[in-house]
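All remarks here apply to the structure that follows.
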Amino acid sequence: MESAMKNLTAALLVTCLLLPAGRSLDAASPVDGLWDAVIVASGTEIPFRFEIASRGSQIEGSFFEGDRKVGSSSGRLVDDVLTLEYEHLNTTLELKVNGGELIGAYRSNRAGARPQDIHMRRFKAIASGDGNVPQLAGNWEMRRL
């Protein structure tokens with residue numbers, strides 16, 4: 001029994017030494033979760049929902065087309081800068097982590113394209129029945145310049 005206890009103690013000590021300080025094996029990225037986002041297009045703020053999810057060193061950012069997620073093809077978070085590539089759209093989203101906000105730009109990767117400003121805040125559910133609900137019915141189109 002004493003030998004088994006020593007082995008268990010040694011195994012726990014080795015595990016603790018191998019883990020990076022302050023992180024568990026399944027620790028989520030500090031940007032994981034839902035975000036309320038706004039993109040500025042031609043001087044108009046257009047709100048949308050955004051989701052960030054990480055699995056190990058992989059990070060993905062997803063826009064939504066109705067209920068369909070449009071995920072990034074690759075992503076990385078380095079020194080508080082989140083970069084998400086959307087190869088299928090030929091675009092890049094680059095955001096700086098600034099406290100509880102993400103601030104940056106979405107841009108086409110073609111020559112001469114102008115980036116569009118984006119800012120995001122953590123998603124907060126709004127109680128239904130609140131007044132002044134914007135009317136968003138209909139079809140919307142966003143053009144990249």
Side-chain angles (χ1 to χ4, degrees), residues 5 7-145:
M5 196 65 158
N7 288 341
L8 178 60
T9 303
L12 287 172
L13 179 61
V14 169
T15 301
C16 289
L17 291 173
L18 292 176
L19 287 175
R23 299 281 306 239
S24 69
L25 290 174
D26 295 324
S29 161
V31 295
D32 278 8
L34 287 174
W35 294 83
D36 286 325
V38 173
I39 187 167
V40 180
S42 301
T44 302
E45 289 191 350
I46 302 166
F48 64 97
R49 180 79 29 85
F50 195 76
E51 181 178 43
I52 301 171
S54 63
R55 288 172 286 292
S57 63
Q58 302 295 317
I59 193 160
E60 180 180 68
S62 298
F63 298 96
F64 293 88
E65 286 183 359
D67 292 333
R68 186 179 142 239
K69 280 186 178 182
V70 179
S72 60
S73 49
S74 65
R76 62 192 173 280
L77 178 62
V78 178
D79 296 330
D80 290 333
V81 175
L82 174 63
T83 304
L84 299 165
E85 302 289 340
Y86 296 85
E87 290 178 11
H88 50 287
L89 299 172
N90 194 30
T91 59
T92 301
L93 175 59
E94 189 172 88
L95 300 163
K96 173 86 170 130
V97 179
N98 186 10
E101 296 183 329
L102 302 175
I103 300 169
Y106 181 66
R107 69 182 186 314
S108 172
N109 294 326
R110 63 184 169 79
R114 291 180 285 176
Q116 296 173 301
D117 292 335
I118 287 190
H119 60 271
M120 301 183 187
R121 291 194 172 114
R122 287 275 179 199
F123 167 76
K124 290 185 182 173
I126 298 172
S128 62
D130 288 356
N132 299 327
V133 176
Q135 298 300 311
L136 301 174
N139 293 322
W140 291 78
E141 180 177 316
M142 186 175 105
R143 297 175 187 242
R144 293 187 307 254
L145 304 174

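These numbers come from the heavy atoms of this one structure, side chains and all, not from hydrogens, waters or symmetry mates. Nothing fancy with the numbering, it's 1 onward along the sequence.
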Just verifying a value: how many Å separate [X] [atom1] and [Y] [atom2], rounded to the nearest 0.5 Å?
{"X": "R114", "Y": "S42", "atom1": "CZ", "atom2": "OG", "value": "7.5 Å"}
{"X": "L34", "Y": "K124", "atom1": "CG", "atom2": "NZ", "value": "14.0 Å"}
{"X": "R110", "Y": "T91", "atom1": "CZ", "atom2": "OG1", "value": "11.0 Å"}

State, yes or no, whether a side-chain contact exists between [X] and [Y] at a heavy-atom distance under 4.5 Å.
{"X": "L102", "Y": "V97", "result": "yes"}
{"X": "L89", "Y": "Y106", "result": "yes"}
{"X": "N98", "Y": "H119", "result": "no"}
{"X": "P30", "Y": "D80", "result": "no"}
{"X": "F64", "Y": "E51", "result": "yes"}
{"X": "L93", "Y": "F50", "result": "yes"}

(request) Please work out which of the three classes, parallel, tilted or perpendicular, describes the rings of Y86 and F63, given edges at 30° and 60°. (result) tilted

(message) Main chain of V40, side chain of D117: is a donor-acceptor contact present, judged purely on distance under 3.5 Å?
(response) no

(message) Has S73 got a side-chain atom pairing as donor or acceptor with E87's backbone, closer than 3.5 angstrom?
(response) yes

(message) As a quick check of understanding, evaluate side chain to side chain contact (heavy atoms under 4.5 Å, CB included) for E60 and S72, giving each step before the final call.
(response) CA-CA 6 Å; E60 180 180 68; S72 60; 3.6 Å; yes

What pair of heavy atoms forms the shortest contact from [X] to [Y], and how long is it?
{"X": "I59", "Y": "L82", "result": "CD1-CD1, 3.7 Å"}
{"X": "S54", "Y": "D32", "result": "OG-OD2, 2.8 Å"}
{"X": "S62", "Y": "G71", "result": "OG-CA, 3.5 Å"}
{"X": "R55", "Y": "A53", "result": "NH1-CB, 3.8 Å"}

(request) For atom CZ of R121, decide whether the heavy atoms of other residues, nucleotides or ligands shown that lie under 6.0 angstrom number more than 12. (result) no

(message) Within the supplied structure, the quantity of interest is the number of heavy atoms (other residues, nucleotides, ligands) at a distance under 6.0 Å from E101 CD; does it exceed 12?
(response) yes

(message) By the definition side-chain contact (heavy atoms from CB on, under 4.5 Å), identify the one residue from V78, T83, L77 that meets it with V81.
(response) T83

(request) Check each of L95, I46, V38 against I118 using the side-chain contact (heavy atoms from CB on, under 4.5 Å) test, and report the only one that passes. (result) L95

(message) Between D36 and R49, does any side-chain N to carboxylate O distance fall below 4.0 Å?
(response) yes

